[in-house]
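It should be emphasised that the depicted structure is a prediction, and the values quoted were computed from it without experimental measurement. Whatever order the structure lists them in is the order used to number ligands and atoms, beginning at 1.
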Amino acid sequence: MIAHLYPLPGNEDFTAGLCRQLDVPGGLLSVHRFPDAEVRVRFDTKPTSRIALVCTRPGDQVLPLLFAAHAARMQGATQIGLVAPYLSYLRQDRVFNPGEGLSSRAFGELLSGAFDWLVTVDPHLHRYASLDEVYRIPSRVASASPAVARWIRQHVREPLLIGPDAESEQWVSAIAAAAEAPYLTLSKQRLGDRSVHLSLPDLRGAAGRTPVLVDDIISSGGTACRALQLLRQAPLAPPVCIATHAVFSDSAHADLLAAGAERIVTTDTIHHVTNAVSVVPAVADAVRHVAVVTDRTGGSA
Ligand code: R5P
């Protein structure tokens with residue numbers, strides 16, 4: 001099992017919760033940014049042989065992460081895990097136009113070269129069947145679905161779950177089953193980074209139900225806003241909007257409220273004012289599992 005969990009800046013609260021669940025001490029890692037924007041990392045708690053770094057949106061802190069993994073090995077760590085509650089760079093999973101790179105694979109290669117195992121929550125797997133297609137280290141996925149389903153059961157009367165596109169069916173169906181609620185998915189056509197076309201089926205049979213829009217990520221908010229606008233016109237109660245990952249770029253949160261969301265709820269994979277569901281227990285289970293498997297196999301899954 002791991003001996004210490006070290007948060008990258010901004011991940012202190014999530015790491016503290018994880019330390020409590022796992023009964024593992026937290027370690028201190030400081031990241032200093034020089035005036036020229038270069039960074040230096042320093043372990044203020046000496047790393048032991050098995051440690052894990054905690055960093056959501058690792059794409060935003062990739063150099064400190066890689067430097068920390070390198071520094072930990074220099075100081076004797078032999079097995080370094082990465083807990084990335086939101087795993088960046090999975091959305092570009094195909095070369096769509098000639099000349100483009102493939103950021104999911106490039107990022108997967110980078111992290112696989114520095115870490116021995118990976119834990120994340122609801123990764124955006126659309127055209128990849130599993131993380132093993134992108135990462136060559138053992139990985140374990142924690143699911144937010146049971147906790148989200150619990151929240152829906154406790155807070156929403158007569159829910160009707162709605163996935164905004166075909167790929168959302170994987171998590172909407174799981175949440176609907178656990179919440180014992182009906183679900184449907186919309187058809188979506190992406191028109192640009194922030195703009196989508198959605199069509200709503202005939203919802204007259206669901207009159208009076210509370211629509212619960214469920215997605216894995218809210219980024220620009222374009223998908224959720226369009227869905228909320230359509231749901232507002234249907235003969236349903238005011239819509240609730242739930243997402244696992246609160247990326248919320250620019251004005252996305254305000255845009256969703258303006259589009260008519262009665263309530264916006266996210267999990268704590270990314271710290272945000274809308275966090276109402278914790279995935280810490282699910283992540284702790286995943287860490288226990290992957291750390292034990294990695295111990296047994298010496299790193300090869
Ligand atoms: C799509 O593939 C995802 O499941 C989300 O619907 C999408 O990432 C949301 O992005 P945005 O908030 O920018 O519409």
To the closest 0.5 Å, what do you measure between CZ (Arg226) and CG (Leu231)?
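Answer rounded to 0.5 Å: 10.0 Å.
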Ring center gap for His245 and His124 short of 6.0 angstrom
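No; His124 has its ring centre 6.0 Å or more from that of His245.
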Any idea how Phe43 and Tyr6 line up, ring-wise: parallel (<30°), tilted (30 to 60°), or perpendicular (>60°)?
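Perpendicular.
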Assess the side chains of [X] and [Y]: does a donor N or O sit below 3.5 Å from an acceptor N or O?
X: Ser104; Y: Asp93; answer: no
X: Ser199; Y: Ser187; answer: yes
X: Asp215; Y: Ser168; answer: no
X: Gln229; Y: Arg232; answer: no

Go through ligand 1 atom by atom and flag the ones less than 4.0 Å from a non-hydrogen atom of [X].
X: Ile218; result: 12 (O)
X: Lys188; result: 1 (C), 6 (O)
X: His124; result: 1 (C), 2 (O), 3 (C), 4 (O)

Polar contacts were defined as any N/O atom of the residue lying under 3.5 Å from an N/O atom of the ligand; does this apply to Pro164 and ligand 1?
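No; every N/O pair is 3.5 Å or more apart.
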Could you tell me the residue and atom name of the protein heavy atom closest to [atom], and the distance to it rounded to 0.1 Å?
atom: atom 13 (O) of ligand 1; value: Ser220 OG, 2.6 Å
atom: atom 2 (O) of ligand 1; value: Glu167 OE2, 2.4 Å
atom: atom 5 (C) of ligand 1; value: Asp215 OD2, 3.2 Å
atom: atom 9 (C) of ligand 1; value: Ile217 O, 3.4 Å
atom: atom 4 (O) of ligand 1; value: Asp216 OD1, 2.6 Å

Using a 4.0 Å heavy-atom threshold (strictly under), name the region of [X] that reaches ligand 1: side chain, backbone, both or neither.
X: Asp165; result: side chain
X: Thr223; result: both
X: Arg190; result: side chain
X: Arg194; result: neither

Shortest heavy-atom approach to atom 7 (C) of ligand 1 - which of Arg91, His126, Gln170:
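Nearest option to atom 7 (C) of ligand 1, by heavy atoms: Arg91.
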Mark the output for Gly221 as yes if a heavy-atom distance to ligand 1 is under 4.0 Å, and as no if none is.
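Yes, that is the case, since the closest heavy atom of the residue is under 4.0 Å from the ligand.
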Donor-acceptor contacts, no H, no angles, side chain residues 154-163, under 3.5 Å, sequence neighbours left out:
from, atom 1, to, atom 2, distance (Å)
His155, ND1, Trp151, O, 2.9
His155, ND1, Trp151, NE1, 3.2

Decide salt bridge (charged side-chain N to carboxylate O under 4.0 Å, His left out) for Asp216 and Arg91; before the verdict, give the C-alpha distance in whole Å, the side-chain angles of both, and the deciding distance to 0.1 Å.
CA-CA 11 Å; Asp216 61 339; Arg91 290 170 83 199; over 6 Å; no
Apply side chain to side chain donor-acceptor pair (under 3.5 Å) to Ser251 and Asp255, showing your working.
CA-CA 6 Å; Ser251 61; Asp255 295 346; 2.9 Å; yes
